[in-house]
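Scroll down for the structure; my scribbles are underneath it.
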Amino acid sequence: MISLPLSDIASVLSGTLHLFGDATPQTQVAGTVDTDSRNIGPGDVFVAKPGDATDGHLFVPAAAEAGAAVAIVEHTVDAPITQIVVADAVTALADLAREVVARVRAGDDLRVVGITGSNGKTTTKNLLARILEDEGPTVAPRASFNNSVGAPLTMLRVADETRFLVSEFGADGSGQIARLAGLVTPDVGVVLMVGMAHAGGFGGVEATLRAKTELVEAVRPGGVAVLNADDARVATMAPVAAARGVRVRWFGRGPAAEVRAEDVEVDASGTTCVVVAGDERVPMRLRVLGEHHVMNALAAITAAIELGVSLTDAVARLETVELAERWRMQPLGSDAVRIINDAYNASPDSMAAALRTLAQITGPDQRKVAVLGAMSELGDYAGEEHDRVGLQAVRLRIERIVVVGAEARRLYLAAVGEGSWDGEAVFFPDADAAYDYLVGELRAGDRVLVKSSNSAGLRHLGDRLGEFFS
């Protein structure tokens, strides 16, 4: 965080300052801001956030012992540390982030990019950050820091010398993206796609569309909306952008896209294509596994071009990326038995893309194995969407469909009903049982996809299989 006096922090948060020790209202604070006391060090700012499982106020003494300069609390705590008492710690976190970004932006060097979409946010964020970091100091979220806590924590890492802030905005309900994007009013807003992810929380795909449109509505006038030309729902955001004085730049695979990919070919080591932008044509070898990541790369390239990066430089930097993020199409195991661990998140769209990738990278003498768990947050759509995945797995001729967990049982039943009734599809109640089966079943030449939502916990099963077959 930029250096601020305690008095300014208290004023921004409309809080009451309780000094301790040698601290004065003019004492400068410039440490990291965090809600986890385990990450706190000397001079840092600890935010005591109440939670469902525990209360951050219980860890104020630990933050003080670690050397924190100040704790932001909702009530005073008996601990040897300066405290600022606020009405709501999460709101205070957002208010502080808004102020820090505004002060840095006043220097006219900081450019802000916001990214949203039903799928691909984290990968696109990482790809764009890789492009921009060679242009100047860049701040981007760690992992999937994209909610009401994670997004402000990322913003608070901005320093006076930061040139680019890449923010990822997730949501499971209306108004959340508007609140988060409103903290920074992005110069560039990227919308990847509108699909069924979190549809249960939103109340349907049309409500999801309205929520994702909130990012375009938050882009500052004169800014740019980077939109997916291949997604009809995203395309409806163009008039919203125009009404705000925001230019639109299109990316995609089709001819309507201003930045597009042609001659796309996929194999087990990545994807090749030609990136076309205007009169320029640049070959690209993307090592991140999965054809669907071409769209994420195009979004990142389009945003980067708007920020002054040449197409050639953007492509060259993307070609150095080997892995988008842990547990996201992560190759494990060995050449004999290759495990693809993609079990950090799952939606109907990402599940379909991962299964297609498995089919594309498996040779004629190799066997396709899909280890599948539940997709969460689909609400009333859960049953039919799990059915669709089971049907697709059979139609892609996946030789072994291993379904794990009671919440995914309908996927198994759909696969059996479609024709995988002779042992091709099997069901296990938990990951341990699936692991025992798989270590005995898998053989040289197998290509194994492990895919589920984070809540299903199959990412750890993928790790175990990767270690066993390495």
Side-chain angles (χ1 to χ4, degrees), residues 1-21 23-104 139-160 162 165 167-171 176-177 179-184:
M1 186 181 76
I2 63 173
S3 181
L4 293 172
L6 285 169
S7 58
D8 280 17
I9 298 174
S11 176
V12 167
L13 305 185
S14 300
T16 303
L17 180 60
H18 296 263
L19 298 169
F20 177 83
T24 72
Q26 289 71 45
T27 298
Q28 295 285 321
V29 177
T32 297
V33 182
D34 211 300
T35 59
D36 189 335
S37 61
R38 294 169 296 185
N39 298 332
I40 293 296
D44 289 348
V45 179
F46 176 63
V47 181
K49 179 182 72 71
D52 295 331
T54 188
D55 185 346
H57 293 81
L58 299 174
F59 300 94
V60 172
E65 185 176 353
V70 60
I72 297 172
V73 297
E74 294 182 1
H75 57 78
T76 56
V77 176
D78 185 12
I81 185 174
T82 293
Q83 300 173 42
I84 299 175
V85 180
V86 298
D88 183 281
V90 175
T91 299
L93 188 65
D95 289 341
L96 186 57
R98 179 190 292 108
E99 180 68 15
V100 165
V101 172
R103 292 196 183 200
V104 175
V139 171
R142 302 184 181 99
S144 293
F145 271 35
N146 61 21
N147 61 14
S148 60
V149 174
L153 287 177
T154 299
M155 297 168 190
L156 285 164
R157 289 169 44 214
V158 166
D160 290 318
T162 303
L165 167 63
S167 288
E168 176 184 340
F169 300 129
Q176 295 179 19
I177 292 174
R179 286 192 293 273
L180 294 175
L183 299 177
V184 292

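Between Gln83 and Val70 there is no side-chain heavy-atom pair separated by less than 4.5 Å. Put simply, the side chain of Met155 reaches to within 4.5 Å of the side chain of Leu183, judged on heavy atoms. The closest side-chain heavy-atom distance from Ile2 to Arg103 is below 4.5 Å. Taking the side chain as every heavy atom from C-beta outward, Val33 and Leu153 approach each other to under 4.5 Å. Side chains of Pro50 and Asp55 form a contact here, defined as non-hydrogen atoms less than 4.5 Å apart. Contact check for Ser167 versus Leu165: side-chain heavy atoms found under the 4.5 Å cut-off. For the pair Thr91 and Val86, the minimum side-chain heavy-atom distance is 4.5 Å or more. Side-chain contact between Met1 and Thr32 is absent, with no heavy-atom pair separated by less than 4.5 Å.
When all heavy atoms of Leu180 and Ala151 are compared, the pair lying nearest together is CD2-CB, 4.1 Å. The two residues Thr16 and His18 come nearest to each other via the heavy atoms O-CD2, 3.4 Å. When all heavy atoms are compared, the tightest approach of Ile72 to Ala92 is CG2-CB, 4.2 Å. Taking each heavy atom of Pro80 and Ala64 in turn, the nearest pair found is O-CB, 3.9 Å. For the residue pair Ser3 and Gln28, the shortest heavy atom distance occurs at OG-OE1, 2.6 Å. Scanning both residues, Ile177 and Ala171, for their nearest heavy atoms gives CG1-CB, 3.8 Å.
For Arg142 (side chain) and Gly150 (main-chain N/O), no donor-acceptor pair under 3.5 Å exists by modelled atom type. No donor-acceptor pair closer than 3.5 Å links the side chain of Asp8 to the backbone N or O of Pro5. Of the possible polar contacts, one joining the Thr82 side chain to the Phe20 backbone as a donor-acceptor pair under 3.5 Å is found.
Within the model, atoms CD1 of Ile81 and OG1 of Thr76 stand 13.0 Å from one another, a figure rounded to the nearest 0.5 Å. In this structure, CD1 on Ile84 lies 11.0 Å from OG on Ser14, to the nearest 0.5 angstrom. Rounding to the nearest 0.5 Å places CG of Leu93 at 9.5 Å from CG of Asp34. Here the straight-line distance linking atom CG of Leu96 with atom CG of Leu4 works out to 7.0 Å at 0.5 Å rounding. To the nearest 0.5 angstrom, Asp160 atom CG is 8.0 Å from Thr162 atom OG1. In this structure, Asn39 CG and Asp44 CG are separated by 9.0 Å, a value rounded to the nearest 0.5 Å.
Under 4.0 Å is where a charged nitrogen must lie from a carboxylate oxygen, and between Asp88 and Lys49 no such pair does.
Residue pairs meeting the ring-ring contact (aromatic ring centres under 6.0 Å, His included) criterion with at least one partner in residues 35-54, sequence neighbours excluded, do not occur; the list is empty. The stretch residues 58-98 participates, sequence neighbours left out, in these ring-ring contact (aromatic ring centres under 6.0 Å, His included) pairs: His57-His75.
Counting heavy-atom neighbours within 6.0 Å of Glu65 CD, excluding the residue itself, gives a total of 12 or less.
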